[in-house]
Amino acid sequence: MRRRLHLALPWLGALASGVLYALAFPRFDFQVLAFVFLFPLLAALEHPRVNAFLAFLAFGAAAHLVMLYWMPRVMIRYGGMNLALSLLAFLMVAGILSLVTAAAGWGLARLWRHGGAWWPAAACVWVGKDLLLEEFMTGFPWCLVGTSQYRNLPFLQTAALGGVHLTGFILVLCNLLLYRWLRRRDRRSGAVLIFILLLTHGGGWLRLQRLENRLEALPRHYAGILQPNSHHDRVLSWRERESRLEELLDESRRLVQAGGAEFVVWPEYSVTLYPLQNTRYRDRMLAFAREHAPLLAGFTNIERQGVIKNAMVRFAADGIQTYHKVHLTPFGEYIPFRPLFFFVPRIVGEIVDFTPGDSLHTLTVNQVPVATPICFEIIFPRLVRRLVARGAQLIVTISNDSWFGDTSAPGQHMSAAVVRSVENGRYTLRSTSNGISVAVSASGRILHRSPYGRADRFVAPIRHLDAQTPFTCGGWLFGHFCLLLGLAALLLSRKHRG
């Protein structure tokens with residue numbers, strides 16, 4: 001019995017690391033666990049018989065099963081799957097993500113076990129894995145380790161230098177240093193760890209204070225945000241659509257007249273209208289914009305037969321501007337590798353593929369260029385950075401998160417918007433159908449957070465900024481540098497061992 005327990009302990013450690021990783025994110029938000037989550041897994045790698053690939057596979061499986069438990073619900077309610085197929089699809093997604101983690105873990109463990117001067121490069125391998133999750137196939141950089149620190153504002157300021165990948169690199173390095181300090185009595189590692197923590201938190205606090213003082217000196221503007229608490233699975237009659245539109249317009253008037261909003265943002269799926277095709281609805285919204293303030297809202301744009309786009313539409317006194325979603329949501333707006341999913345006829349037969357937009361550009365609101373990533377796009381650092389690099393002085397993102405339900409997913413999605421604010425040094429406004437809507441300052445401070453599942457409206461103070469952060473200028477290459485350095489370290493360490 002004792003022998004069996006001894007053999008099982010490394011695998012229990014790998015699973016424990018996966019759970020600790022997941023608990024660092026919403027809705028649990030135990031962000032301090034991101035500094036120690038690798039500890040049980042590193043202890044497991046001390047056993048020479050433990051296969052690193054399998055250990056990291058177990059870690060990845062535990063982490064993704066806990067973080068993404070909401071996926072079957074989405075597939076059942078949105079895709080029409082039955083329970084068995086939704087669980088199968090969920091396990092396939094978790095399995096693919098876990099395999100990527102396991103492959104990177106094999107490289108990380110090789111450098112870690114090699115010793116000498118190679119072990120710090122293990123953190124580069126982890127960041128390289130995160131970069132691949134962002135760029136590989138359709139891309140799914142969901143809950144990258146750096147995002148867990150969205151409430152740790154001093155430490156999060158590292159994202160302004162090298163993005164979420166630099167923040168993640170420091171977190172993984174802290175895990176490695178802590179382990180060496182406590183388990184191997186390496187005082188040098190302990191000293192380096194304390195120095196890093198003091199530098200990142202102390203330097204981040206100083207940057208935070210300077211930035212917020214600078215923001216206070218800038219002209220203050222006001223934006224109105226609506227969260228109508230609409231749901232995707234409710235089909236409205238014509239009369240209900242008319243009533244909902246009037247409610248939205250009335251709420252928007254209050255935000256302008258009583259709250260001083262200079263423009264108003266509606267989310268995706270606020271009401272099922274097609275104002276780009278229906279001149280009656282288009283004229284009503286333009287009339288509101290001319291009489292009160294510009295309006296930003298998400299609508300489906302049916303350009304022609306077979307060409308359907310997800311659009312952010314700006315209604316203003318000088319007319320209409322549109323941004324079409326460039327990076328579509330897999331299994332929500334299109335089916336990747338559609339022939340492979342023939343066994344899910346409801347998904348394949350009923351989800352009509354949207355057409356991605358062909359231009360990544362800003363919209364102009366009151367003469368200010370605004371980045372308008374739609375829903376899923378906010379989790380991609382590269383995409384948002386490109387919009388800011390092209391002149392955006394504000395980020396406005398909209399989403400329909402009602403299909404997540406009251407799970408961890410809305411909070412996980414929202415946390416990415418906070419990190420994008422810090423990376424690019426921009427205020428971010430997030431309007432969602434039923435939560436979580438937020439206003440975030442350029443420092444990452446959440447100025448307003450709407451509750452999930454309740455209607456809300458609020459006016460947020462914002463500043464327009466045009467200075468670019470180091471991340472926007474070139475720090476976004478940090479993840480690529482880590483990927484190359486990690487691969488080089490693996491090759492050199494192998495040659496050195498040989």
Side-chain angles (χ1 to χ4, degrees), residues 219 221-226 228 241-242 244-257 259-305 307-326 354-375 377 386-388 390-400 426-431 457 459-460 462 464 466:
H221 300 273
Y222 296 92
I225 306 297
L226 282 184
R241 288 197 298 271
E242 288 287 318
R244 175 63 61 83
L245 177 59
E246 282 303 319
E247 289 175 3
L248 291 169
L249 291 173
D250 287 342
E251 295 285 344
S252 299
R253 290 188 192 96
R254 294 189 185 97
L255 289 173
V256 174
Q257 295 171 353
E262 298 168 33
F263 65 94
V264 180
V265 184
W266 296 1
E268 277 188 304
Y269 206 84
S270 51
V271 60
T272 49
L273 304 175
Y274 300 89
L276 297 180
Q277 283 70 48
N278 189 312
T279 57
R280 177 171 174 269
Y281 291 126
R282 181 180 63 208
D283 291 344
R284 289 174 70 179
M285 293 180 184
L286 283 172
F288 172 89
R290 292 180 180 123
E291 184 177 352
H292 300 285
L295 174 65
L296 283 167
F299 292 105
T300 300
N301 183 17
I302 305 175
E303 290 191 342
R304 59 181 183 276
Q305 182 68 32
V307 179
I308 305 173
K309 296 182 178 181
N310 190 345
M312 172 78 94
V313 186
R314 186 224 64 173
F315 300 92
D318 60 352
I320 291 175
Q321 292 180 356
T322 58
Y323 164 76
H324 293 118
K325 189 175 183 181
V326 172
F354 277 59
T355 301
D358 54 11
S359 173
L360 193 66
H361 61 271
T362 62
L363 301 182
T364 303
V365 181
N366 295 329
Q367 288 75 54
V368 175
V370 178
T372 57
I374 298 174
C375 189
E377 291 182 322
R386 289 172 61 192
L387 286 167
V388 173
R390 295 176 184 182
Q393 299 180 19
L394 175 70
I395 300 171
V396 176
T397 181
I398 58 173
S399 185
N400 170 23
R426 295 292 185 269
Y427 278 73
T428 294
L429 303 173
R430 184 173 193 260
S431 174
R457 71 174 190 271
V459 174
I462 57 174
H464 302 142
D466 54 11

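Keep in mind that this is a model prediction, so the values were computed, not measured.
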Contact summary for I320 and T322, nearest pair of heavy atoms: CG2-CG2, 4.1 Å

With R290 via salt bridge (charged side-chain N to carboxylate O under 4.0 Å, His left out) - residues at least two apart: none

Y323 and T362, any side-chain heavy atoms less than 4.5 Å apart: no

Nearest non-hydrogen partners of L429 and A223, listed with the distance: CD1-CB, 3.4 Å

Distance in Å, D318 CG paired with Q367 CD, rounded so as to fall on 0.5 Å steps: 7.5 Å

CG/D358: more than 12 non-hydrogen atoms of other groups inside 6.0 Å: no

Backbone N/O of Y222 and side chain of E262: donor-acceptor pair under 3.5 Å: yes

Side chains of R430 and S399 in contact at under 4.5 Å (non-hydrogen atoms): yes

Over all atoms of both residues, closest heavy-atom pair of L276 and R282: O-NH1, 4.2 Å

Heavy-atom closest pair, residues L394 and R426: N-CD, 4.1 Å

D466 vs H464 side-chain heavy atoms within contact, under 4.5 Å: no

Backbone of P373 reached by a side-chain donor or acceptor of T397 within 3.5 Å: yes

Backbone N/O of I308 and side chain of H324: donor-acceptor pair under 3.5 Å: no

Electrostatic pair E303-K309, nearest N-O below 4.0 angstrom: yes

Listed partners of R280 passing salt bridge (charged side-chain N to carboxylate O under 4.0 Å, His left out), at least two apart: E242

Spacing of CG belonging to L255 relative to CG belonging to D250, to within rounding of 0.5 Å: 11.0 Å

I302 side, atom CD1; T355 side, atom OG1 - distance, nearest 0.5 Å: 11.0 Å

Main-chain N/O of R457 paired to R254 side chain as donor or acceptor, under 3.5 Å: no

Side chains of F354 and N301 in contact at under 4.5 Å (non-hydrogen atoms): no

L248 and its side-chain contact (heavy atoms from CB on, under 4.5 Å) partner, picked from L295, L273, V271, V264: V271

Separation between OG1 of T372 and CE of M312, rounded to the nearest 0.5 Å: 5.0 Å

Gap separating the NE2 atom of H361 from the CZ atom of R390, nearest 0.5 angstrom: 10.5 Å

Non-hydrogen side-chain atoms of Y427 and H221 separated by less than 4.5 Å: no

Validation row: W266, S252 side chains within 4.5 angstrom (heavy atoms): yes

Pairwise distance CZ(F315) to CZ(F299) - rounded to 0.5 angstrom: 5.5 Å

Any R244 side-chain heavy atom under 4.5 Å of E247 side chain: yes

Check: F288 and R253 side chains under 4.5 Å, non-hydrogen atoms: yes

Donor-acceptor contact present, side-chain Q321 to main-chain T364, <3.5 Å: yes

Where P267 and L226 come nearest, the two heavy atoms and their spacing: CD-O, 3.6 Å

Nearest atoms (heavy-atom pairs only) where N366 meets P294: OD1-CG, 3.3 Å

